[in-house]
Protein chains: 2
Amino acid sequence: MEIILSNLKIQVNEKIYVKDPETSALGKKIIEQSILLIDAIGFDNFTFKKLGKEIGSNESSIYRYFENKHKLLVYLSSWYWSWMEYKLVFTTTNISDKKEKLNKAITIVTEKITDDISTEHINEAILNKIIIAEFTKTLHTKEVDHENKEGFFLIYKRVINRIVSIVKEVNPEYPFAKSLVSTIVEGSLHQHFLTDHLKTITDCNETVTTTQFYLNLAENVLR
Amino acid sequence: MEIILSNLKIQVNEKIYVKDPETSALGKKIIEQSILLIDAIGFDNFTFKKLGKEIGSNESSIYRYFENKHKLLVYLSSWYWSWMEYKLVFTTTNISDKKEKLNKAITIVTEKITDDISTEHINEAILNKIIIAEFTKTLHTKEVDHENKEGFFLIYKRVINRIVSIVKEVNPEYPFAKSLVSTIVEGSLHQHFLTDHLKTITDCNETVTTTQFYLNLAENVLR
DNA sequence: CTAAATTGAAAGTAATACTATTATATTTGC
DNA sequence: GCAAATATAATAGTATTACTTTCAATTTAG
């Protein structure tokens, strides 16, 4: 998987950036270091000025790649879900047993990424931490309908709908396939968050994983 | 229910505010109008200056009640979950049938509040809209662990753990009661959000409700 | 090797997120 | 009913944020 990934160019909607960060050294540095800085200080405290300082670049140069920090977060999220889609497709194709296919899919989207199978400049383990902590902020804005129309969340929705198809193969009668999958994908981020911060309202921890909870849930709901 | 609620003083952790807004006319105006203004322009665009203008008051007066807008949102959330807890306890006490009790509890926390059974200065239907759109932001900050220790999220956690107790009555063997309930409570807000903004990844709408989805889910998981 | 594109540095603007001070209004306690 | 205490309003001020603009220096591409 690693070998293939290192050759993979992850596609992100052009409207999200001003200039494609994959096309220059500075662009890649912006992506690489923004992931580290957002993880370190949190998205709310993150500014382009601070990032500029970190990468020895001027604030104004960063603005040539992204209009604002919200768009940068949308970019990182899109990249993440695109990478997730790749893993999902790679893992589930040619699996004939439908239940096994679904279980693999659920495992892929719910497990915490702890190993760093790094594409050169992107640390997926840390990016996963950012998604757990900050992804919800890409959606919860007054501009969500407009940005949705522009296709900012297309990859995210496609990941969910790919799993919906698998659910329908397992049980074509179940009437809530979309809601089940969107609940699993969003909910697993939330369960990881609770494991890290509000342990009294989750059963998930190092030994009992979020993935086990959702595998069990899907099994019970679709049988 | 309305009659009882109008006499009810909802308790909110003292550390959340500088001065209790329930103790003055200005305080109540701050709460009342902040709900309307956050709903209208979104939390990210909301400022104390704009709120001051709206209520014909000075910015500096609002700072005597709340340190910053984050704390105000935490206050509104606490109030909401306290009100929810009240409805939950009121609806589920003295119901002997365990499954019926659970179904009533799930209905209470997952249904969209469309009718306005107003406490004088708080419009619960609009507050529910704010919770759907903004609640996640109270948790997703770098200060979450500190604020959790201070008890900012106690009522929210208590609501969840009350429902966990009911789940355990229905099925004492089920090993993921906490994760199931936290998934339902958080997930139902998310499903409402999807119904409003990303319809292609949810089955919930005006006819098939979020509540139906989660009643079905719990039924299947706990049988 | 020259033109075009990219980046860096500096300065500027408007808004945000406060804090402090003082004046005025209102409440309450005796 | 009045003085004292408290609450609110108005104003001004600071530091930071979130950009935009301009121009010079550097890199790169044909």
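Not measured: the values here are computed from a predicted model. So that the names make sense, note that chain A is the first sequence line, chain B the second, and so on, each numbered from 1.
Under 4.0 Å is where a charged nitrogen must lie from a carboxylate oxygen, and between D44(A) and K137(A) at least one such pair does. Comment: D203(B) does not engage K178(A) in a salt bridge, judged by the lack of any side-chain N to carboxylate O separation of less than 4.0 angstrom.
Taking 4.0 angstrom as the limit, Y65(A) places a side-chain polar atom (N or O) nearer than this to OP1 or OP2 of dT7(C). Considering only side-chain N and O atoms, S24(A) lies under 4.0 angstrom from the phosphate OP1 or OP2 of dT7(C). Dashed line: the shortest gap from a side-chain N or O of K50(A) to OP1 or OP2 of dT17(D) is under 4.0 Å.
As a whole-Å value, the separation of I30(A) CD1 from dT6(C) C1' is 12 Å. If you take CG of L26(A) and C1' of dA9(C), they are 15 Å apart, rounded to a whole angstrom. The nearest whole Å value for the distance from the CG atom in N45(A) to the C1' atom in dT17(D) is 12 Å. Rounded to a whole Å, the CZ atom of F46(B) is 15 Å from the C1' atom of dC18(C). Atom NZ in K49(A) sits about 10 Å away from atom C1' in dA15(D), given to the nearest Å. For the pair F43(B) CZ and dT16(C) C1', the computed distance is 13 Å after rounding to whole Å. Rounded to whole angstrom, the span from the CZ atom of F48(A) across to the C1' atom of dT16(D) amounts to 16 Å. Residue I62(B) contributes atom CD1, which lies 12 Å from atom P of dC18(C) at whole-angstrom precision.
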Salt bridge (charged side-chain N to carboxylate O under 4.0 Å, His left out) between D20(A) and K28(A), intermediate numbers included: CA-CA 9 Å; D20(A) 186 351; K28(A) 283 174 189 165; over 6 Å; no
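Contacts of S61(A) with the nucleic acid, taken as non-hydrogen atoms under 4.0 Å apart, include base atoms.
By the side-chain hydrogen bond (donor to acceptor under 3.5 Å, both in side chains) test, T207(B) is found to be paired with N205(B), residues two or more places apart in sequence or in another chain being considered.
Of the listed nucleotides (dT7(C), dA9(D), dT8(D)), dT8(D) has the atom at the smallest distance from the side chain of K19(B). With dC19(D), dT8(D), dA18(D) as the candidates, the nucleotide lying closest to the side chain of N68(A) is dC19(D).
Y17(B) has its ring centre no less than 6.0 Å from the ring centre of Y65(B).
Between Y80(B) and W83(B), the ring planes are tilted. Angles from 30° to 60° get that label.
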Footprint string (nucleotides 20-29 of chain D, 5' to 3'): B base within contact, S backbone only, - free, heavy atoms under 4.0 Å: BBB-------
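Across Y63(B) and V18(B), no two heavy atoms sit closer than the pair O-CG2, 4.3 Å.
Residue order along DNA chain C, read from the 5' end via each residue's closest nucleotide, puts A25(A) first among A25(A) and T47(B).
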